[in-house]
Amino acid sequence: MGRPAGRPIAISVGRTLVSTTPLLVAFDLDDTLAPSKSAIDPRIGDLLVALAERVEVAIISGGQLAQFTKQVVDLLPASATEVLAHFHLLPTCGTQYYRVATTGIDTVYAHALTDDEKSRALTAVEEEAKRLGLWESETWGDILEDRGSQITFSALGQTAPVDAKMAWDPTGEKKNSLREAVQARVPDLEVRSGGSTSVDITARGIDKAYGMRQLAEQTGISLDDMLFVGDRLDPDGNDYPVLAMGVTCQAVEGWEDTAVYLEALIPTLPVR
């Protein structure tokens, strides 16, 4: 983490030109490192380990810690043991922060919503979803989930298949309408469009930008020396706060796109 920033480099990936020599690379999870709530491909696992041999690696997403471990950490190749200390996990949009160790997962912080905030958030999102005709009768698992520091609405349930999720709201119009309606009901909280079918509610001012600031504070790495990779950098997406705060960002359209980008980036970064 003490490695000084090197000479900026230009990396051309597809239509994107990025100039940066990051000391930390942060990723969204679903639809960036893996399909929604699915396991990472071994190709991504190998690339994350190779990246962690060079820089700090962080994952910031709306999911719970259990998702992070199931989708990513538990599937990293055996060679990852020596670099586990360079992984940072920020579930529920940065409202929680954990470090990976060889002995398990260490908690840095976890900011839970109050019982009153949870109750109002759950009521608002259920009532507005029903009013807008977005409360589905056939689902896979729970529609509403209390994640401690975040309330999450998943239109098709927590375990819906990827194909069904992608077909439900391909333009994002449904989620955006629900987000706006719920935000009006709970102005003291933060309401964000999450994954392909989800809306996330957290404490006001706590989003992925908050998580990036916490990364800077905990690691001592400047935001100027960080790079964020995500699939929802549009103004309505939950990755947008990172772009809006001025962190260098790389937009991707799925894990394959991320893999191609990392295969170009990693050879330019020196091994520790």
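For the single chain, residues carry numbers from 1 onward in sequence order.
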Do [X] and [Y] meet the criterion of a side-chain donor-acceptor pair at a distance under 3.5 Å?
X    : Y    : value
H86  : R272 : yes
Y261 : E263 : no
S36  : K165 : yes
T92  : S149 : yes

Can you tell me how far CD of Q250 sits from OG1 of T32, rounded to the nearest 0.5 angstrom? 10.5 Å
Interatomic spacing from CG in L76 to CD1 in I40 - rounded to 0.5 Å: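 With rounding to 0.5 Å, CG (L76) is 5.0 Å from CD1 (I40).
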If Ile, Leu, Val, Met, Phe, Trp and Tyr residues are connected whenever their side-chain heavy atoms lie under 4.5 Å apart, and connections chain through other members, are [X] and [Y] in the same group?
X    : Y   : value
L84  : L48 : yes
V162 : I44 : no
V247 : Y97 : yes
Y98  : L33 : yes

Check whether any side-chain N or O of D146 sits under 3.5 Å from a backbone N or O of G148 as a donor-acceptor pair, and report yes or no.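 Confirmed, D146 side chain pairs with G148 backbone.
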Treating S119 as the side-chain partner and D115 as the backbone partner, does any N or O pair qualify as donor plus acceptor under 3.5 Å?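 Not at all, since once roles are kept as given, no pair shorter than 3.5 Å links the two residues.
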Of the non-hydrogen atoms in [X] and [Y], which two are nearest, and what is the gap between them?
X    : Y    : value
E136 : I143 : O-CD1, 3.8 Å
L132 : A181 : CD1-CB, 4.2 Å
S193 : R232 : OG-NH1, 3.6 Å
D169 : K175 : OD2-N, 3.0 Å
A164 : W140 : CB-CH2, 4.0 Å
A121 : I151 : CB-CG1, 3.9 Å

Does the pair T81 and T102 meet the rule for a side chain to side chain contact (heavy atoms under 4.5 Å, CB included), with working shown? CA-CA 7 Å; T81 302; T102 54; 3.8 Å; yes
Hey, mind stepping through H88 and E56 against side-chain hydrogen bond (donor to acceptor under 3.5 Å, both in side chains) and telling me if it holds? CA-CA 8 Å; H88 308 253; E56 300 299 297; 2.7 Å; yes
If the threshold is 4.0 Å, N to carboxylate O, is there a salt bridge linking [X] and [Y]?
X    : Y    : value
K37  : D30  : no
K118 : D116 : no
K130 : E126 : yes

Assign the ring pair Y210 / Y109 to parallel, tilted or perpendicular, where the plane angle (0 to 90°) is split at 30° and 60°. perpendicular
If we only count heavy atoms from C-beta on, is the K174 to W168 side-chain gap below 4.5 Å?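 A side-chain contact exists here, since the closest heavy-atom pair is under 4.5 Å.
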Heavy-atom distance under 4.5 Å between the side chains of W255 and D31, does that happen here? no
Looking at E145, Q150, Q158, which hits side-chain hydrogen bond (donor to acceptor under 3.5 Å, both in side chains) with Q64?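 When side-chain hydrogen bond (donor to acceptor under 3.5 Å, both in side chains) is applied between Q64 and each of E145, Q150, Q158, only E145 qualifies.
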Only one of [options] passes side chain to side chain contact (heavy atoms under 4.5 Å, CB included) with [X]; say which it is.
X    : options                : result
I60  : V242, L29, L215        : L215
F27  : V72, V252, L262, D231  : L262
V191 : L178, V125, D200, V182 : V182

